[in-house]
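Scope of the values below: all heavy atoms of this structure, side chains included, with no hydrogens, waters or symmetry mates. One is the number of the first residue; the rest follow in order along the sequence. Quick caveat, the model's predicted, so the values are computed rather than measured.
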Amino acid sequence: MHIDQTEKRWVWITVIMTVIMVGVLALFAIGSNIHPPSGFEPIDSTRLHLSEEFAEDNLGVKQNPDGSITITMVAARYGFYPSRIEVPVDTPVKLRMASADVLHGVHVPFTNMATMVVPGYVSEVNTVFPKTGDYSLLCNEYCGLGHDHMWSRMTIVPKTASKGE
Ligand code: CUA
């Protein structure tokens with residue numbers, strides 16, 4: 001088979017450019033310590049209500065023995081449940097959220113809490129809320145006609161006022 005010289009050259013140029021670009025991406029990712037979310041945790045989204053952790057009675061805010069807080073929530077069209085939570089200020093918080101139906105995202109403006117909630121997986125965010133006040137949990141992935149109205153309320157309360165509920 002005969003390949004034209006010019007064509008051969010372009011094949012090489014394309015290969016070299018691809019290698020350079022992938023190399024730049026890899027170096028940038030390594031240099032900036034970017035990596036995919038760790039702790040891949042699958043869950044059956046259609047049977048959340050039957051799971052121990054995401055059963056309705058077990059959702060909400062819980063205080064751990066070490067004083068930190070675990071928030072367990074379900075995202076479902078169209079809300080985050082429970083729809084109102086109270087969380088103490090200046091306390092390590094672990095949010096664990098699972099979707100009961102489609103892809104959602106949760107974003108709390110003015111904080112660094114934001115994650116996708118992919119059906120089939122548990123999403124986890126660790127953070128601390130430094131300021132008291134009312135915050136909204138907003139859905140930031142289009143999930144259907146009610147997407148714009150998908151939000152819940154989180155109140156960051158002074159430490160003493162929190163009963164962990
Ligand atoms: Cu849920 Cu958009």
(request) Check whether more than 12 heavy atoms from other residues, nucleotides or ligands sit under 6.0 Å from atom OH of Tyr81, and answer yes or no. (result) yes

(message) Using 0.5 Å steps for rounding, measure from the CD1 atom of Ile156 to the CD1 atom of Ile85.
(response) 7.5 Å

(request) Keeping the roles fixed (side chain from Ser123, backbone from Met116), state whether a donor-acceptor pair exists under 3.5 Å. (result) yes

(request) Report yes if some heavy atom in the side chain of Val61 is under 4.5 Å from a heavy atom in the side chain of Glu86; otherwise report no. (result) no

(request) Over all heavy atoms of both residues, which pair between Gly120 and Ser45 is shortest? Give the atoms and the distance, please. (result) N-OG, 2.8 Å

(request) Examine distances only and state if a side-chain atom of Thr18 and a backbone atom of Ile16 form a donor-acceptor pair shorter than 3.5 Å. (result) no

(message) I'd like to know if the side chain of Asn126 and the backbone of Pro92 have a donor-acceptor N/O pair within less than 3.5 Å.
(response) no

(message) Please report the interatomic distance CG(Asp57) to CD(Glu52), rounded to the nearest 0.5 Å.
(response) 11.0 Å

(message) Does Arg153, at its CZ atom, have more than 12 non-hydrogen atoms belonging to other residues, nucleotides or ligands within less than 6.0 Å?
(response) yes

(request) Answer yes or no: is there a donor N or O on one side and an acceptor on the other, between the side chain of His147 and the main chain of Glu141, under 3.5 Å? (result) yes

(request) Please report the shortest heavy-atom distance between Glu53 and Thr72, naming the atom on each side. (result) O-CG2, 3.6 Å

(request) Using modelled atom types only, decide if a donor and an acceptor are shared between the side chain of Tyr78 and the backbone of Leu145 within a distance under 3.5 Å. (result) yes

